[in-house]
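Report on one structure; see the data block that follows.
Throughout, a chain's letter reflects where its sequence line sits, starting with A, and its residues are numbered from 1. Scope of the values below: all heavy atoms of this structure, side chains included, with no hydrogens, waters or symmetry mates.
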Amino acid sequence: MSKMAASSGRALKSFVQGCCGCSSVILPSIARNVILQKPAVTVLARLVCTSSTLQRKNIAAAGPEKYTQEFIKKQIEEFNIGKRHLANMMGEDPETFTQEGIDRAIAYLFPSGLFEKRARPVMKHPDEIFPKQRAVQWGEDGRPFHFLFYTGKQSYYSLMHDTFGKFLDIQKYQDSMRAEGLFSQDTKQVNLIGSRWMIKEELEEILVQPISDHDCLRFIQLLERILALPYCSIEEEYIQRFRRALEVQSKKQKIEPLQYDENEVAFSIGEGRRKTATATATVRDNGSGNITVNGVDYLLYFPVLQDREQLMFPFQFLDRLGKHDMECKVTGGGRSAQAGAIRLATARALLSFITENEVESMRQAGLLTPDPRVKERQKPGQEGARRKFTWNKR
Amino acid sequence: MAVGLLKKALPRLGLAVPAWPGVRCMTSRLYGTAAAQTQIHQPDNSVGSDKILTEPLKHPDFFRLSELFSLKDLFDARVHLGHKIGCRHRLMEQYLFGCRLEQDILDLDQTMEHLQQALNFTAHVAYRRGIILFVSRNRQFTHLIESMARDCGEYAHCRYWQGGLLTNANVQYGKGVRLPDLIVFLSTLNNVFQQHVAVRDAAKMNIPTVGIVDSNCNPSLLTYPVPGNDDSGPAVELYCKLFRMTINRAKDKRRQMEILYGLKSQND
C-alpha cells in the first residue's frame, strides 16, 4: 500500500480492485459518474471543476433587459397597492391620491440630501420606469406581420415607401392634367414659412424605432423633391405632418404695460444687470433727452464718452433721441458694467412704447439680451483664472 | 428514447426531428435552435393533410404556369437584351444566344425552361405556406417590387442590406424568428455592380434562391437561375406580374384543396 502513490489514478484503481474485488473498472479519464455493479465501496468518481469563465454568460451580448408582460402587470399591481398604503400612511384618501401626492410622500418619508434629482428615491407608474418593449413582430406560424419586416427598419422604410407613393400619385395627376391640356406651372404652393422640418429625435418618436442621421436626411430630401413638383398642394396635408412650427422669439419678451403718473405723462420702468451692477431705469414720455443717474447728471457721472454712448444706444436705435427723459438708479460693478446695466434697463423700459416689429429688430440688434459674461473664478494651482504660475525649470 | 438521444447528440441541427410518425410538423427554418418545432395545428385526419401536400407533387405543372407567359411576351418585354460584351460574365456564356453589335442576346428558349421551373418552385413554396422574400437593389423598381410583395402577402427587401440579416438573425430581429423559405432576386447585383450579399448568405443558411441573372451576373450560387434582362422597365414589370400571379394562384389552390379535402374527410 505504501508503494502506491496516492494521487495516481491507476494505483487507486488497483487498490480498489484489490480491496473489494469488484469487476467494474473506474477509469480516471471519464468525467462522469459510472454506476458500479456492486456499489459496496463509495464511488471514486473524479470531480470536474469547471472554471467560472465557462459558466459565466456573456451578459453584455444579451442586449438590454427584456421584461415580460406578466412581470410588468405584477409591477403595476404592486404599484397600485403601494399607492394605497402610502395614502393611508399620509392620512389621505386612497381613491384620490395623485402622482404629486406620491412624490410629496416619498420626499417626506425618504429625505435625501443627494444633489442629483434622478438619484433620489422615486415611486412612479411602471410604464414610466421600464422602457417600452416592442411587441412580438410575428404570428403563431412565424410569419411576420409587416411586409418590410426583413429589412430591419420596417417603420422607416414603410414611411419612405408611402412617401414615394405620394410622389408617384402627384406625377400621375400631373400627367392626367397634361393629357387634358390643363397643365399650368402657377398652382397653389405649400406654405413653408414659419415652420421647420422635423429633426431626427422627433422622427424617431413617430416611428418608435431608432434611425440614423443619414436616414433622416434622405427622408427630408424626398419631401423636398415632392415640394419641387408643381402640383404638390394635393399632398399638402401629408407634408405638413412632418413640419413643426417655429416659435417666434419676440413673443417671449415680457412687455410691461405703460403706466401714467399724476401729470398724465406715460412712463415705464425697466431693470437690467451686467457683471455685478444692477440698474433700474424709468423712461418718461414727452421729454427732451435729460438723463439723471443716481441723482447726478449723466455728463458728470460718466465722464468717459464710451459709457455715454452706451446710454444713448437704445434711443439712437429707435430714433427717439430727444423725445424721452430718463431717470435711473445703479449700484455695484464698475464704470462699464454700470453703463451696460443701464443700457439693458433702458431698452427693457422702452419696450412698452414701441411696435412689435421694432421689438423684433431690437432683439436682433442684441439690445434685449443680457450679457452673460462674469469674472471667471480662480483655480487652485494657478495664479488666476487662466494664468499659470511661472514655470521653473528647476 | 432514441429520438431523444438524437436530439441531444446533435443540438446544432436546424431540422425538426418528428417525434412520432403520425403528426406532421413543419420543418421551419429556425436559426440555430434545435428543439423548438413549430407544431402547426393540423386537422385530425392525417390522411387529408397528407393528400394536400403530396397531390401537387404528382403533376409536373400542377398550377398550370405555362399558360402565364409565352416566348412572344418575353420578347416584347425585352427580356432577351443583355449588356455589352465587355460586361459579360464567363458563366453566363451558356445562356447566350449570340451577340449583335456588341450587345449580348440571351437565349429565350433556355429562359423559358428556367422560368417555368423557377415559377413552379415558387408556386410550390407558396402552396406550402413558405415565406418568400423579394430582393432587388435596383432603385428604379423598389416601389414596384414592394407594392407587389404587399399585394401577394409576401415580403420584400429592396433597401440597403445590413450585414447579419440572415446569418445573425437572432441578434437582428429577436429570438425565435422564422427566416424566409425562398428568396427571389429580381436583380442579383447591388448598386456597386457586385454580387448581392444575400446570394451568398442564403447559400450559407440553406435557403433556396430564384434569381434573374443578366449577362453580367454570376449564376453559380443560385438554385434556380433565370437568364433575363433585369434593367428594363417592361421586363421587371413582367416578372413582377408573373410572380404575383403565381403566388396568388398557389395560395388560391391551397385554399381550394383544404376545402376539398376537408369536405371529403367530413363525408368519410
Derivation and outcome, ring-ring contact (aromatic ring centres under 6.0 Å, His included), residues B:Phe63 and B:His124: CA-CA 9 Å; B:Phe63 303 96; B:His124 280 274; 5.2 Å; yes
By the side chain to side chain donor-acceptor pair (under 3.5 Å) test, which pairs, at least two apart or in different chains, include something from residues 157-166 of chain B? B:Glu146-B:Arg159
Pairing of B:Asp252 and B:Arg249 as salt bridge, 4.0 angstrom limit: no
Does a salt bridge link B:Arg178 with B:Asp181, judged by any charged N lying under 4.0 Å from a carboxylate O? yes
Less than 6.0 angstrom separating the ring centers of A:Phe219 and A:Tyr156, yes or no? no
Under the side-chain contact (heavy atoms from CB on, under 4.5 Å) test, residues paired with B:Val184 that sit two or more places apart: B:Ile132, B:Phe134, B:Leu182, B:Val210, B:Phe243
Atom group of B:Leu133 that falls short of 4.5 Å from chain A, counting heavy atoms: side chain
Is there a donor-acceptor pair under 3.5 Å between the side chain of B:Arg244 and the backbone N or O of B:Ala149? no
Any salt bridge between A:Lys200 and A:Asp213, counting N to O under 4.0 Å? yes
For B:Thr142, which atoms come within 4.5 Å of any heavy atom of chain A: side chain, backbone, both, or neither? neither
Kindly say whether B:Leu166 contributes a backbone atom to a donor-acceptor pair with the side chain of B:Asp201 at under 3.5 angstrom? no
Give me the contact list for residues 227-237 of chain A versus chain B, heavy atoms only, anything under 4.5 Å, ordered by residue number. none
Is it true that B:Tyr224 and B:Thr122 share a donor-acceptor pair across their side chains at a distance under 3.5 Å? no
Enumerate by number any residue of residues 185-193 of chain B whose heavy atoms lie under 4.5 Å from heavy atoms of chain A; in the absence of such residues, state 'none'. none
